[in-house]
There are 2 protein chains.
Amino acid sequence: MPGSSAVRPVPVPELADRLGYLFKHAHSRLSDLTTAALAPLGINGRQLAVLLVIAKEPPGSQLEIATRMALDRTTMVSLVDELEREGLVERSPDPADRRRNVVALTSRGRETTWKAAALAGQAEKTFLEPLSERDADVVKRSLRSLAFPGS
Amino acid sequence: MPGSSAVRPVPVPELADRLGYLFKHAHSRLSDLTTAALAPLGINGRQLAVLLVIAKEPPGSQLEIATRMALDRTTMVSLVDELEREGLVERSPDPADRRRNVVALTSRGRETTWKAAALAGQAEKTFLEPLSERDADVVKRSLRSLAFPGS
DNA sequence: TATTGTTATACTCTATAACTATA
DNA sequence: TATAGTTATAGAGTATAACAATA
């Protein structure tokens, strides 16, 4: 995230109550922690999300992965480009419909996925450290309703 | 926010537990609501934040405002440009130190600030509707610790 | 020398429009 | 005609570097 390197001062009182401001900075802090945690593996949080989606229900086309992540298919192109360059995934045309590119994890991709998931989990734990276990649970549960009110 | 117009599907289970993913989409939803609420006034959430900081402890230099918002001073230039173009704030050189631009609210700016604060508050209320009052309180309080762990 | 505002530039993440190849 | 992937392009929000005016 650009801006993550910005100073993060104690909030001025007139903004400390604005949810948008708090969300921005909380997310930014989590982003910093996750980025740092994943750096040794050469990937970032967005790329881990792609890996997780592929790992869960392989193999999918680029469009399927994009839809499952609520991203545009043009954004997915460069994301898969990066992962392919790192040797973590492989594209291959779907024999049944040669317009589609099926994206599959390589064995190195599989290994990276579980390592990265563990590191990202650690980063989340660090992020939540300022909260009691109870409050952290409420936050995690609430965040889901706030992000996806229908579900 | 670019991406706010993206489909916001029910989260795929493999991402529903990732805090980064939830933060991104929760923030995006709040952003949509706030932007829509403020649209009649011709300003956005970032601009409201600037107005609030100035309103609270006027008048400040651009650098002071930027620091209090944890933004770069180069970013503040265009933000103040926009608000000045709308006739909501006025720049004037500080007589005591002519390097500094003091930014002050116009009377229209003051009026817009309290109208906007009310509308943004409404948007936050709508945003929090999926939660019980109790959980909403925990979230608001926790967000502050998560964003600014030192304070 | 150091600081404030400014400009020029660039980077990240995202989207829309238009192209290619398939269907 | 419609769809999947791609490319070119653009826009929002942010930063760094360098410059002018002022201290």
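Chain A is the first sequence line, chain B the second, and so forth, proteins listed ahead of strands; every chain is numbered from 1.
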Margin query: In whole Å, I'd like the distance from the NE2 atom of A:His27 to the P atom of C:dC13.
Written below: 11 Å

Next item on the list: To the nearest Å, give me how far apart CD (B:Gln62) and P (D:dA21) are.
Entry: 17 Å

Check: Between atom CG in B:Leu83 and atom C1' in C:dG5, what is the gap in whole Å?
Finding: 16 Å

Next item on the list: Can you tell me the distance, in whole Å, between the CG atom of B:Asp81 and the P atom of D:dG13?
Entry: 15 Å

Notebook entry, point to check: Which whole-number value in Å describes the distance from B:Glu84 CD to C:dG5 C1'?
Noted result: 13 Å

Check residues 42-58 of chain A and write down every donor-acceptor pair under 3.5 Å in which the side-chain atom is one partner and the other belongs to a residue at least two apart or another chain.
from    : atom 1 : to      : atom 2 : distance (Å)
A:Asn44 : OD1    : A:Arg46 : N      : 3.1
A:Asn44 : OD1    : A:Gln47 : N      : 2.9
A:Gln47 : OE1    : A:Asn44 : N      : 3.0
A:Gln47 : NE2    : A:Glu82 : OE1    : 2.5

Next item on the list: Could you list the residues that satisfy salt bridge (Lys or Arg N to Asp or Glu O under 4.0 Å) with A:Glu64, not counting sequence neighbours?
Entry: A:Arg100

Checklist line | Residues which pass side-chain hydrogen bond (donor to acceptor under 3.5 Å, both in side chains) with A:Arg141, listed by chain and number, not counting sequence neighbours | finding: B:Asp135

Note to self: In this structure, how many angstroms lie between the P atom of D:dT6 and the CD1 atom of A:Ile65, rounded?
What the structure shows: 11 Å

Note to self: Could you check whether any side-chain N or O of B:Arg73 sits under 3.5 Å from a backbone N or O of B:Ala66, counting only pairs where one atom can act as donor and the other as acceptor?
What the structure shows: no

Next item on the list: For B:Arg99, enumerate each residue passing the salt bridge (Lys or Arg N to Asp or Glu O under 4.0 Å) test, keeping only those at least two apart in sequence or located in another chain.
Entry: B:Asp97

Next item on the list: Send over the distance from B:Asn101 CG to C:dT3 P, rounded to a whole Å.
Entry: 18 Å

Margin query: Of the options D:dT7, C:dT4, D:dA15, whose atoms approach the side-chain atoms of B:Thr75 most closely?
Written below: D:dA15

Check: Base, backbone or nothing for each nucleotide of nucleotides 18-23 of chain C, written B, S, -, heavy atoms under 4.0 angstrom, 5' to 3'?
Finding: B---BS

Next item on the list: Scan residues 41-56 of chain A against DNA chain D and write down, sorted by residue number, each residue with any heavy atom closer than 4.0 Å; if none is found, say none.
Entry: none

Margin query: By nearest heavy atom, map A:Leu79 and B:Ser61 onto DNA chain C; which one lands nearer the 5' end?
Written below: B:Ser61

Note to self: So, does A:Lys24 get its side chain near the phosphate of D:dT14, meaning an N or O under 4.0 Å from OP1 or OP2?
What the structure shows: yes

Next item on the list: Please name all residues satisfying side-chain hydrogen bond (donor to acceptor under 3.5 Å, both in side chains) with A:Thr106, sequence neighbours left out, ordered by chain then number.
Entry: none

Notebook entry, point to check: Sequence neighbours excluded, which residues qualify as salt bridge (Lys or Arg N to Asp or Glu O under 4.0 Å) partners of B:Arg91?
Noted result: B:Asp81, B:Glu84

Next item on the list: Classify the nucleic acid contact of A:Asp72 as base, sugar-phosphate or nothing, counting any heavy atom under 4.0 Å across all strands shown.
Entry: base

Notebook entry, point to check: What nucleotide among D:dT6, C:dT14, D:dA15 has an atom nearest to a side-chain atom of A:Arg91?
Noted result: D:dT6

Next item on the list: If the plane angle is over 60° it's perpendicular, under 30° parallel, otherwise tilted; pick one for B:Phe148 and A:Tyr21.
Entry: parallel

Note to self: So, using salt bridge (Lys or Arg N to Asp or Glu O under 4.0 Å) as the criterion, who are the partners of B:Glu129 when residues are at least two apart?
What the structure shows: none

Notebook entry, point to check: Atom CE of A:Met76 and atom P of D:dT3: how far apart are they, to the nearest Å?
Noted result: 19 Å

